[in-house]
There are 2 protein chains.
Amino acid sequence: MRYSHQREGIKKIVQCTNCHPTADWIFNQTKKIIPNISLGTVYRNLKRLEEEGEINTIYDGNIVRYDWNKDPHDHLKCKVCGDLIDVQLFDDNIRETVLKKYKFKVDDVEMTIIGTCHKHT
Amino acid sequence: MRYSHQREGIKKIVQCTNCHPTADWIFNQTKKIIPNISLGTVYRNLKRLEEEGEINTIYDGNIVRYDWNKDPHDHLKCKVCGDLIDVQLFDDNIRETVLKKYKFKVDDVEMTIIGTCHKHT
DNA sequence: TCTATATATAGTAATAATTCCTATTACTAT
DNA sequence: ATAGTAATAGGAATTATTACTATATATAGA
Ligand SMILES: [Mn+2]
Ligand SMILES: [Mn+2]
Ligand SMILES: [Zn+2]
Ligand SMILES: [Zn+2]
């Protein structure tokens, strides 16, 4: 894959936040550095970066977000402020249990915990 | 909420399958019973039924599906055939762990386990 | 360094899913 | 039956994403 100034900018923007940004947010931030970048370029490169394993696409309900955190982790979704917070939990024995009980070979466990975050005591 | 023939038809269709159908699938099935039903009516009534607690909306990646199974349960997502299978697992001590560790009050745990189902030994 | 060529981009058009709008129809209580 | 309210069909509008195309850019090799 050929180097591109735009892709580097997008990558930097995504990697500098932990807010799990949307394509539109990334587009607006990247425009501050590369003013004439186009939205199509953002989408195309986000897809490329995902293919390269640099980022992950996550689906927050019907909202598509991007995540640079490559460690396996889960998310807390606050239904008051909408924040999506990274957490390290346990997929412990889920793989084995599911394999035995349902004959289903597990590749990945995606868990989102919905509730209220500490900001809204 | 006033009775409607269309809503009853939609509800029946959704309740008679365990395939977690999309709005479009539901629309096409309902048309067989109510030929001149409109897609807007399907969307409007699916939303109504969800508000009434009759069904749940589930997000399978970027695909929106509907689920009549009101028991708390998780899903196995087969990446070969695309099937979404209901499973009963354990949200056991997740609530307490998350509350203690992250001061996050849990309402709901959504888990999707991605892998390969028994049909593709 | 220069050039040829493959690849990436900007800008715009197209697509798809969902919601909105409005005139018409159906139900319910008087 | 009538009036008032609620729901519908059909189509337009909206939104997120992808496709297209002419131009620009990165880079391999002379
Ligand atoms: Mn994350
Ligand atoms: Mn289900
Ligand atoms: Zn919050
Ligand atoms: Zn399968």
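Numbers restart at 1 for each chain; the letters A, B, ... are given by sequence-line order, proteins then strands.
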Are OP1 or OP2 of C:dA10 and a side-chain N or O of A:Thr41 less than 4.0 angstrom apart?
yes

Atom-to-atom span, CG of A:Asn45 to C1' of C:dT7 - whole angstrom
12 Å

Using distance only, find each side-chain donor-acceptor pair of residues 24-36 of chain A under 3.5 Å and give its atom names and separation, not counting sequence neighbours.
unit_1, atom_1, unit_2, atom_2, d
A:Asp24, OD2, A:Asn28, ND2, 3.4
A:Asn28, ND2, A:Asp24, O, 2.9
A:Thr30, OG1, A:Ile26, O, 2.6

What is the separation between atom CG on B:Leu46 and atom P on D:dT8, rounded to the nearest whole Å?
12 Å

With a cut-off of less than 4.0 Å, is there a side-chain N or O of A:Gln6 near OP1 or OP2 of D:dT25?
no

Using only heavy-atom distances, determine whether the side chains of B:His73 and B:Asp67 contain a donor-acceptor pair under 3.5 Å.
yes

Return no unless some side-chain N or O of B:Arg44 is found under 4.0 Å from OP1 or OP2 of D:dT8.
yes

Ordered by number, residues from residues 16-34 of chain A within less than 4.0 Å of DNA chain C (heavy atoms) are none

Using Watson-Crick or G-U wobble geometry with both distances under 3.5 Å, which nucleotide pairs with C:dA29?
D:dT2

Can a salt bridge be assigned to the pair B:Asp83 and B:Lys77 using a cut-off of 4.0 Å between side-chain N and carboxylate O?
no

Should A:Lys47 be listed as having a side-chain N or O under 4.0 Å from OP1 or OP2 of D:dT17?
no

Checking base pairs now: Watson-Crick or wobble, both atom distances under 3.5 Å. What partners D:dA28?
C:dT3

side-chain N/O B:Asn62 vs C:dA17 OP1/OP2, d < 4.0 Å:
no

